[in-house]
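Below: one structure, written as structure tokens.
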Amino acid sequence: RAGFNFQVTSIATGSHASSAHYAGKAVDLAPVVRTSTNFITLRDRMRELNPSSPRVQCEYNRGTITGCGSGTTHVHVSYP
């Protein structure tokens with residue numbers, strides 16, 4: 001959808017041990033304005049675009065799953 005700005009924060013960089021990132025099957029994204037509401041919006045839009053994805057969730061660094069609240073650093077999106 002138009003009007004929502006986000007950035008790619010990682011494809012295969014950073015620490016992703018045994019990760020789908022290195023196989024080219026995952027990406028980390030973050031809204032340009034990092035609020036809980038924007039993380040939730042980004043997560044939900046990625047779920048809409050990737051309904052067969054095994055994993056679309058808000059995370060802290062190092063892959064810890066969050067509820068998209070305070071401390072969230074990115075939305076992890078995996079592709080089948």
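Both backbone and side-chain heavy atoms feed into the values below; hydrogens, waters and symmetry mates do not.
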Query raised in the report: Considering all heavy atoms of both residues, which atom of Val33 and which atom of Asn38 are nearest to each other, and what is their separation?
Result: O-ND2, 2.8 Å

Requested in this report: Please report the shortest heavy-atom distance between Tyr60 and Gly71, naming the atom on each side.
Outcome: CD2-O, 2.8 Å

Report summary line: Only residue of Leu29, Val75, Asp44, Leu42 satisfying side chain to side chain contact (heavy atoms under 4.5 Å, CB included) with Val56 is Val75

Query raised in the report: If every non-hydrogen atom of Glu48 is compared with every non-hydrogen atom of Pro51, which pair is closest and at what distance?
Result: O-CD, 3.5 Å

Query - Single-linkage hydrophobic cluster, 4.5 Å side-chain cutoff, Tyr79 and Val8 together - result: yes

Query raised in the report: Looking only at heavy atoms, what is the nearest atom pair of Ser78 and Pro54, with distance?
Result: O-CD, 3.8 Å

Query raised in the report: What residues form a side-chain hydrogen bond (donor to acceptor under 3.5 Å, both in side chains) with Asn61, not counting sequence neighbours?
Result: Thr73

Report task. Identify the two heavy atoms, one from Thr66 and one from Gly69, that lie closest to each other, and give their separation to 0.1 Å. Result -> OG1-N, 4.5 Å

Query raised in the report: For the residue pair Pro80 and Ser53, what are the closest heavy atoms and their distance?
Result: CD-CA, 4.3 Å

Report task. Nearest 0.5 Å please: distance from the NZ atom of Lys25 over to the CZ atom of Arg55. Result -> 14.0 Å

**Report entry** hydrophobic_cluster_shared for Met46 and Phe4, side chain cutoff 4.5 Å
**Finding:** yes

Query raised in the report: If we ignore angles and hydrogens, is there a donor and acceptor under 3.5 Å between the side chains of His76 and Gln57?
Result: no

Report summary line: Separation between SG (Cys68) and CD (Glu59), nearest 0.5 Å, reads 10.0 Å

Query - Cluster link Leu49 to Phe6, ILVMFWY, side chain under 4.5 Å - result: yes

Query - Close side-chain approach of Ser10 to His74, heavy-atom, < 4.5 Å - result: no

